[in-house]
Amino acid sequence: MVITEPDSTDSDPGREPDDGAAAVAAAEPKAEDANTGEHERWQRFASGETPAAAPGPPPGRLRAAGRLAARAARSEWTLAALCSALLAVAMTWPLAKDLDDVVPHDTGDPLLLTYILGWVGHALRDNPAGIWDTNSFWPLHDAYLFTDTLMGYAPFALFITGPTSALVVYNVLYIASFALAFLGAYALLRQLGARVAGSAVAAAAFAYAPWKLGQAGHLQVLSCGGIALALAMLARGHGWSLRHGFKAEKQRPGWIVAGWLTALWQFSIGAGLGIPFVYLLLGIGVVVGLNWLIMRPRLKWQTLAADGAGGVVFSLGVLWIADKHAVVARAYPESIRDVDYISWFSPTWQSFIISPEESRLWGAAHEAARADLTWAPEQALLVGFTLAALAIAGLIWSCWTGWQRFWLALGGFAVFAFAMGPNFLDHGSWAWALLYEYAPGWEAIRTPGRLVIYLTLILAVLAAGTITRIADEADDVAHRARVDKRLKVKAPRRVHALLFAPVALVLWEGLTAAPYVEVPDAPVDMSSLEGPVLFLPAGGGDTKVQYWTLDGFVETANGVAAFTPDEQAGIKSMAEAFPSDDSIAALRDAGIETVVVLPGSGLDTEAEPFGVDVERTGTAVVYDLNP
């Protein structure tokens with residue numbers, strides 16, 4: 001059988017001829033429409049599409065809902081979300097099966113953050129206005145603001161009713177942070193114009209970069225997916241993509257509002273990542289504003305209204321949280337870090353190719369390089385060799401234009417300079433120091449290296465451009481080699497499937513060797529203690545004490561945060577000679593009611609101080625200073 005296109009000069013057999021040129025002119029468009037319709041039918045037939053069924057009566061509500069659910073289940077975003085979740089569970093396994101008795105990495109910061117989540121849930125249920133004064137760090141005020149607050153996770157914190165449920169919530173959020181990082185980066189790259197394979201590879205590189213293995217104890221750092229997701233929403237709402245530019249007809253005010261709210265949620269998790277994100281949005285706003293003044297794109301009034309409303313809500317929320325932190329900075333000057341302190345935690349030139357020890361693939365190989373670092377947990381910032389190779393290739397060969405690649409490279413270098421803090425050229429005078437001196441809030445950031453988040457994101461965009469260009473070239477080759485020139489042909493699916501291969505390399509680099517540590521039980525019945533309580537020895541192990549206090553929230557002088565308040569240091573110094581008479585008298589005067597001495601303290605727990613009730617158990621010694 002031979003199929004031919006109909007000749008455009010053929011007359012319609014079902015139409016009687018009319019006299020005059022007007023009839024001929026009227027017939028020509030119909031002949032063209034018929035020719036176009038035949039060509040479209042040929043395209044559908046040649047590509048194997050099933051002909052659409054003739055329209056019938058509208059389906060019932062149940063059938064319509066079923067069809068809608070089926071379409072939603074097959075949509076790209078449903079599949080992307082499902083893959084994000086499954087990948088996060090797999091990459092953090094076996095955490096998902098031990099949610100109620102272990103924490104990732106160690107019992108330091110993870111238990112502190114678990115305690116913070118528990119405190120948020122407790123305060124919101126019992127006394128929302130008193131959320132700022134926690135039961136730890138007694139008798140200090142605003143202790144909730146001594147470190148990142150995780151306020152954005154408040155809805156999940158409401159499910160916490162005790163130490164065990166707190167572990168479950170923390171671990172679920174830990175796994176979810178990787179899923180959101182993947183999904184947010186994927187959404188951003190798709191919005192920028194990358195193909196599916198390029199977006200998937202780049203999203204995996206962003207979510208499972210090797211440097212994140214060293215941050216496994218810092219949920220507030222791992223929770224960076226909102227950054228990429230907010231940028232994706234804002235770009236989509238404004239109808240803009242990196243590949244196709246601004247499209248006025250694609251403006252969606254609802255996405256703009258959602259983007260601003262997501263940005264505020266990201267800031268509310270912690271100021272450590274939130275402050276740089278605010279300045280990034282401010283910089284983007286300046287660039288967009290200048291572009292509008294020069295190019296005058298056609299913006300809908302709804303777009304301007306969405307930006308106005310969303311921007312105001314975002315600004316008010318940021319200012320409210322920032323004002324609370326400013327009160328703490330004024331009340332506790334010791335919370336401000338000087339340049340020497342920040343330099344100790346800042347990365348070096350080589351840091352971005354040095355792996356943390358938690359990396360299963362590179363950890364042992366880079367052990368000698370880490371030995372030269374002053375604080376390896378914050379300075380081993382390997383972004384991933386697979387990502388770096390694809391990004392370098394993307395500078396030369398990419399779907400992005402030459403100017404776009406230039407600005408991406410310049411942005412990457414700027415982030416690199418800022419991330420080095422005082423360790424950049426001339427003590428960071430031309431980069432980080434400018435922000436430290438003149439940008440409000442920047443002096444509170446003690447770890448500039450965490451800006452590697454933005455370097456990773458920029459490299460991911462470049463890497464996605466490389467793979468997208470390969471996909472485009474494959475389709476172009478297939479299209480040029482087609483037999484029937486009327487067909488629009490793409491490369492076979494197996495060819496596009498090969499473009500997902502770098503995902504395996506990226507995930508291989510993202511495998512962790514860090515353990516999941518079992519959380520110790522409280523040595524005493526915490527809910528029965530009379531507060532204020534002081535646990536000895538006091539120090540880094542106070543994170544366990546804070547976690548144990550989730551059972552009853554007894555007031556305790558112990559606590560670990562981003563800085564050590566002078567008053568807390570004073571109470572610790574009073575207890576150095578405990579249980580001497582002078583130490584007991586000083587602690588009584590300070591208001592301490594109970595002292596709990598844990599094993600390994602090095603203190604004389606066999607003494608019987610006068611006027612003190614002593615209870616010895618197999619796991620602790622409890623002193624009631626005012627029986």
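- With a 4.5 Å cut-off on side-chain heavy atoms, Ile116 and Leu112 count as touching.
- Residues Phe424 and Trp430 place their aromatic rings such that the two centres sit no closer than 6.0 Å.
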Derivation of the side chain to side chain contact (heavy atoms under 4.5 Å, CB included) call for Arg337 and Glu443
CA-CA 7 Å; Arg337 287 87 173 191; Glu443 70 281 359; over 6 Å; no
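- Among all heavy-atom pairs drawn from Ala204 and Leu507, the shortest one is CB-CD2, 4.3 Å.
- A 4.5 Å side-chain heavy-atom check between Ile342 and Tyr436 finds at least one atom pair inside the cut-off.
- Atom CG in Leu381 sits 8.5 Å away from atom OG1 in Thr456 (nearest 0.5 Å).
- Neither side chain, Glu509 nor Ser359, offers a donor N or O lying under 3.5 Å from an acceptor on the other.
- With values rounded to the nearest 0.5 angstrom, Thr348 atom OG1 is found 5.5 Å from Ile354 atom CD1.
- For the pair Arg360 (side chain) and Ala513 (backbone), a donor-acceptor distance under 3.5 Å is absent.
- Of the possible polar contacts, none joining the Thr447 side chain to the Gly449 backbone as a donor-acceptor pair under 3.5 Å is found.
- Smallest separation of non-hydrogen atoms from Asp542 and Pro537: OD1-O, 4.2 Å.
- Of the candidates Leu459, Leu410, Leu280, Ile458, Val415 forms a side chain to side chain contact (heavy atoms under 4.5 Å, CB included) with just one, namely Ile458.
- You'll find the ring centres of Tyr341 and Trp344 outside the 6.0 Å limit.
- Of all heavy-atom pairs between Gln568 and Gly559, the closest is NE2-O, 2.9 Å.
- Side chain of Arg243 to backbone of Trp400: no donor-acceptor contact under 3.5 angstrom is found.
- Other residues, nucleotides and ligands place more than 12 heavy atoms under 6.0 Å from the CD atom of Glu334.
- Between His218 and Asp148, the side chains place no donor N or O within less than 3.5 Å of an acceptor N or O (distance only, hydrogens not considered).
- The CG atom of Leu511 lies 11.5 Å from the OG1 atom of Thr92; values are rounded to the nearest 0.5 Å.
- Phe345 and Trp375 have their aromatic ring centers within a separation under 6.0 angstrom.
- In this structure a side-chain-to-backbone donor-acceptor pair under 3.5 Å is missing from Thr556 to Val545.
- A donor-acceptor contact closer than 3.5 angstrom is absent between the side chains of Tyr153 and Ser268.
- Every residue two or more places apart in sequence or in another chain that forms a side chain to side chain contact (heavy atoms under 4.5 Å, CB included) with Ala514 is listed here: His105, Glu358, Thr512.
- With hydrogens and angles disregarded, a donor-acceptor distance shorter than 3.5 Å links the side chain of Ser573 to the backbone of Gly570.
- Aromatic pair Trp211/Phe352: ring centres not closer than 6.0 Å.
- For Ser429, the side chain to side chain contact (heavy atoms under 4.5 Å, CB included) partners two or more places apart in sequence, or in a different chain, are Asp426.
- When atom types are taken as modelled, the side chain of Thr468 and the backbone of Cys399 share no donor-acceptor pair closer than 3.5 angstrom.
- Atom CG of residue Leu117 and atom CG of residue Leu550 lie 9.5 Å apart, to the nearest 0.5 angstrom.
- Evaluation of the salt bridge (Lys or Arg N to Asp or Glu O under 4.0 Å) rule for Glu378 yields Arg450 as partners, not counting sequence neighbours.
- A donor and an acceptor atom, one from each side chain of Ser346 and Ser343, are nowhere located under 3.5 Å apart.
- For the 3.5 Å distance criterion, the side chains of Thr549 and Tyr115 fail to qualify, holding no donor opposite an acceptor.
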Taking it one step at a time, do Ile284 and Leu231 satisfy side chain to side chain contact (heavy atoms under 4.5 Å, CB included)?
CA-CA 10 Å; Ile284 293 174; Leu231 294 176; 3.9 Å; yes
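- When each of Asn171, Val172, Val89 is checked for a side chain to side chain contact (heavy atoms under 4.5 Å, CB included) with Leu95, only Asn171 meets the rule.
- Within 6.0 Å of CH2 in Trp93 there are more than 12 heavy atoms belonging to other residues, nucleotides or ligands.
- If you run side chain to side chain contact (heavy atoms under 4.5 Å, CB included) between Val201 and each of Thr386, Thr466, Leu189, Ile467, only Ile467 comes through.
- Contact record, Ser223 with Leu219: OG-O, 2.7 Å, taken as the closest heavy-atom pair.
- Of all heavy-atom pairs spanning Ala230 and Ala263, the tightest one is CB-N, 3.8 Å.
- Checked against the 6.0 Å centroid criterion, the rings of Phe182 and Phe206 do not qualify as a close aromatic pair.
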Show your reasoning for whether side chain to side chain contact (heavy atoms under 4.5 Å, CB included) applies to Gln220 and Leu273.
CA-CA 8 Å; Gln220 74 276 32; Leu273 294 188; over 6 Å; no
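- Under the 30°/60° scheme for interplanar angles, the aromatic rings of Tyr174 and Phe178 are found to stand perpendicular.
- With rounding to the nearest 0.5 Å, the separation of CG in Leu180 from CD in Gln266 is 8.0 Å.
- Using cut-offs of 30° and 60° for the angle between ring planes, the Phe563 and Tyr332 rings count as tilted.
- In Trp349, the CH2 atom is crowded: over 12 heavy atoms of neighbouring residues, nucleotides or ligands sit closer than 6.0 Å.
- Relative ring orientation between Phe385 and His366 is described as perpendicular, the plane-to-plane angle rising above 60° on a 0-90° scale split at 30° and 60°.
- When the options Phe267, Trp265, Phe314 are evaluated for a ring-ring contact (aromatic ring centres under 6.0 Å, His included) with Trp260, the one that passes is Phe314.
- Once rounded to the nearest 0.5 Å, the distance linking CD1 of Ile227 with CG of Leu457 reads 8.0 Å.
- A donor-acceptor pair is defined here as one N or O able to donate and one able to accept, closer than 3.5 Å; no such pair exists between the side chain of Arg190 and the backbone of Tyr186.
- Counting all heavy atoms, side chain and backbone alike, Pro210 lies closest to Pro356 at O-CG, 3.3 Å.
- Using modelled atom types, no side-chain atom of Asp142 and backbone atom of Trp132 make a donor-acceptor pair closer than 3.5 Å.
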